[in-house]
Amino acid sequence: MSSVKVRIAPSPTGYLHVGTARAALFNYLFARHNGGKFVVRIEDTDTRRSKPELIEPILDALRWLKLDWDEEIVYQSRRSELYGRYVDEFVKTGRAYYCFCTPEELVAEREQARAEKRNPAYSRKCLSLSEDEVQARLKAGEKAAIRVRIPEGETSYDDIVSGHLTKQNTELEDFIVARSDGSATYNFAVVVDDHEMGISHVLRGNDHITNTFKQVHIYNAFGWTPPVFGHVPLILRPDKRKVSKRLGDKDVGEYRNEGILPGAMVNYLSLLGWSPKSDREIYTLEELVGLFDETHINASNAIFDEEKLLAFNKTHIQMMTDHDLAVLAAPLLVEAGLTTKYWLETRWEYLRAVVSLFKDRLTRVSEIVERSGYFFAFDYTYDEKAETKSFPPEAADLLTDLAGRFAALTSFTVESAEQALTALAEEREIKKAKLIHPARLAVSGMPVGPGLYEMLVTLSQPVVVERMKKAAAYIRNKQ
RNA sequence: GACCCCGUCGUCUAGUGGUCUAGGACUCCGCCCUUUCACGGCGGCAACACGGGUUCGAGUCCCGUCGGGGUCGCCA
């Protein structure tokens with residue numbers, strides 16, 4: 001495939017949602033797989049609705065996903081002159097015409113059409129205006145939008161995903177290509193840009209299929225060769241509606257804040273509407289680049305299943321090295337007030353050991369905050385429910401005894417700690433559980449957590465001894 | 001409503017006429033491992049929307065029905 005160039009064209013009217021992220025991913029994978037270019041174009045032709053302050057968050061989300069782009073970012077808002085030239089040419093050559101209908105009139109027409117169960121297509125009222133009248137009204141300062149004149153016939157193109165698609169031109173209607181303020185609308189600007197930028201393939205959501213016919217018509221009218229189109233299936237909510245910010249669907253940034261790994265998001269998204277045709281599901285971005293094949297894009301819409309995203313996240317966390325996980329966990333722990341940046345930096349090995357204990361137990365990286373507090377401070381309270389079960393009166397004596405034995409160990413290791421505990425249980429003829437549960441609660445305040453002995457060793461001998469003695473005193477005090 | 005797209009377990013999917021008593025993953029349920037919670041291992045529940053064709057043979061091809069989604073803006 002020669003000179004592949006694709007683009008992701010987000011509109012800064014909202015944050016990056018999963019649908020756009022997935023489209024970006026497919027375009028990125030397609031470009032990288034074929035040694036082509038992946039560029040970003042900001043579609044902000046609608047000055048009223050576009051919010052410049054949303055551009056950076058969108059780019060940030062793209063960077064976070066590691067979908068790095070080539071070349072300079074193109075802003076449609078800075079290319080109005082270019083569109084204007086083509087619009088003029090369109091009008092001059094008779095492929096478009098002035099329309100003096102006001103938005104209010106058009107809305108009224110549409111409403112009436114719907115009420116009468118007719119199709120709400122434009123009436124073409126202004127198409128029959130005489131050249132003289134048009135010029136006179138323009139000269140008088142009347143505002144006019146510009147509409148394409150759709151000829152009779154049909155428009156068709158070959159879609160990578162859905163095959164040969166055809167639409168009768170009567171279904172297209174004379175859509176507006178330039179607003180009455182002279183600015184080009186989406187369907188026109190997109191064609192000019194994709195053509196000027198040398199875009200070879202357009203992979204986008206199938207909610208654009210209707211637009212594609214309109215755009216293909218413009219390409220044809222200009223005598224340009226359209227890019228190859230591929231309409232990927234939509235990502236739906238569990239209620240089967242298109243994902244939408246309005247309905248409260250999370251954007252990529254929110255998933256990021258919730259502790260989702262970019263690799264997990266990319267991996268999960270890659271399998272929504274595409275398949276490597278393999279039983280394997282876990283891949284890195286690099287592996288996906290190697291595997292991506294646009295002919296394997298599905299045609300049917302997919303429901304976004306957060307449960308499965310979470311499962312992927314869990315797996316991707318397990319795939320990380322202790323060091324990398326520690327890098328992610330550190331700022332979260334500091335932010336939560338559990339420790340300080342300086343403290344962690346001077347005790348990196350400790351952090352790494354702690355993180356390692358939790359690696360197989362985290363669904364989200366952020367969970368480490370609420371689960372590992374006792375590794376950084378001895379200010380926790382004992383879990384109430386666990387206390388009634390694990391801190392019976394006799395536990396005080398047992399903890400004191402166990403603390404003494406731990407203190408006496410010359411080498412505090414997983415093996416020696418377990419041996420000491422086992423020995424005590426045997427001597428007292430009690431189940432090990434009678435020691436394990438109180439010990440866990442004493443040193444962590446929690447009924448659940450990492451393996452007891454690993455946890456003890458990581459906390460260190462003096463800390464463990466101190467905490468067990470404190471717990472013993474606490475139990476006696478309760479009596 | 002019109003037009004367009006789509007239709008395999010609850011969800012994501014494999015399946016390109018016979019190897020399908022339909023495979024994998026998530027979820028859920030058992031068992032093992034572990035005297036915690038997980039990880040891991042093993043096993044289980046669960047689907048070809050329906051009806052006609054075509055064919056020796058259809059999840060796979062064709063048509064229809066039904067169902068779902070999308071679009072119908074001087075938004076993108």
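Computed from a predicted model, the values in this text were never measured in an experiment. These values consider heavy atoms only, across backbone and side chains, with no hydrogens, waters or symmetry-generated copies. We name chains A, B, ... by the order of the sequence lines, and we start the count at 1 in each one.
Remark: the A:D181 side chain and the A:S183 side chain contain an N/O donor-acceptor pair separated by less than 3.5 Å. In the model, A:H316 has no side-chain atom that pairs as donor or acceptor with a side-chain atom of A:N313 under 3.5 Å. A side-chain N or O of A:S77 and one of A:D44 form a donor-acceptor pair less than 3.5 Å apart. No hydrogens or angles considered: nothing links the side chains of A:Q419 and A:E415 as a donor-acceptor pair under 3.5 Å. There is a side-chain donor-acceptor pair under 3.5 Å between A:E387 and A:Y474. Side-chain contact, A:S444 with A:R467: no donor N or O sits under 3.5 Å from an acceptor N or O.
Checked against B:G69, B:U71, B:C74, the side chain of A:L234 finds its nearest nucleotide in B:G69. You'll find that the side chain of A:I209 is closest to B:C5, out of B:G69, B:C3, B:C5. The listed nucleotides are B:G73, B:A76, B:C12; the one nearest the side chain of A:R114 is B:G73.
In this structure, A:Y268 and A:K117 both approach RNA chain B, and ranking their closest nucleotides by distance from the 5' end singles out A:K117.
In this pair, A:F304 and A:Y255 present their aromatic rings tilted. The plane angle is within the 30 to 60° band.
Distance check on atom C1': B:G73 versus B:G15 gives 42 Å, rounded to whole Å. B:C20 and B:A76 are spaced 45 Å apart, taking the C1' atom of each and rounding to whole Å.
For A:N211 against B:A76, a side-chain-to-base donor-acceptor contact under 3.5 Å is present.
Contact annotation: A:T185 does not reach the phosphate of B:G73 (side-chain N/O to OP1 or OP2, under 4.0 Å). Distances shown here put a side-chain N or O of A:K242 below 4.0 Å from the OP1 or OP2 atom of B:U71. Phosphate contact (OP1/OP2 of B:C74, side-chain N/O of A:R110, threshold under 4.0 Å): present.
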Polar pairs (N or O, both sides) under 3.5 Å between protein and nucleotides 41-46 of chain B?
none

Check nucleotides 13-15 of chain B against the protein and report each pair of N or O atoms closer than 3.5 Å, with its distance, or say if there are none.
residue: B:U13; atom: OP1; partner: A:G273; partner atom: N; Å: 2.6
residue: B:A14; atom: OP1; partner: A:K277; partner atom: NZ; Å: 3.3
residue: B:A14; atom: OP1; partner: A:N298; partner atom: ND2; Å: 3.4
residue: B:G15; atom: OP2; partner: A:K277; partner atom: NZ; Å: 3.1

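Atom CD of A:E56 has more than 12 heavy atoms from other residues, nucleotides or ligands within 6.0 Å.
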List the atom pairs, donor and acceptor, that lie under 3.5 Å between side-chain atoms in residues 101-108 of chain A and the rest of the protein, sequence neighbours left out.
residue: A:T102; atom: OG1; partner: A:E104; partner atom: OE1; Å: 3.4
residue: A:T102; atom: OG1; partner: A:E105; partner atom: N; Å: 3.1
residue: A:E105; atom: OE1; partner: A:T102; partner atom: N; Å: 2.9

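Base pairing of B:A2: its partner is B:U71, meeting the Watson-Crick or G-U wobble criterion (both donor-acceptor distances under 3.5 Å).
Under a 4.0 Å N-O distance rule, the pair A:K389/A:E384 does not qualify as a salt bridge.
Pairs passing the salt bridge (charged side-chain N to carboxylate O under 4.0 Å, His left out) check and including a residue from residues 439-458 of chain A, sequence neighbours excluded, do not occur. Residue pairs meeting the salt bridge (charged side-chain N to carboxylate O under 4.0 Å, His left out) criterion with at least one member in residues 140-161 of chain A, sequence neighbours excluded, are A:R137-A:E142.
Stacking between A:H208 and B:A76 is present: the aromatic ring centre lies within less than 5.5 angstrom of the base six-membered ring centre, and the two planes differ by under 30 degrees.
Applying the 90° criterion around 0 to the glycosidic angle, B:C39 comes out syn.
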What string of B, S and - do you get for nucleotides 27-40 of chain B, 5' to 3', if B is base contact, S is sugar-phosphate-only contact and - is no contact with any protein heavy atom under 4.0 Å? S-------BBBBS-
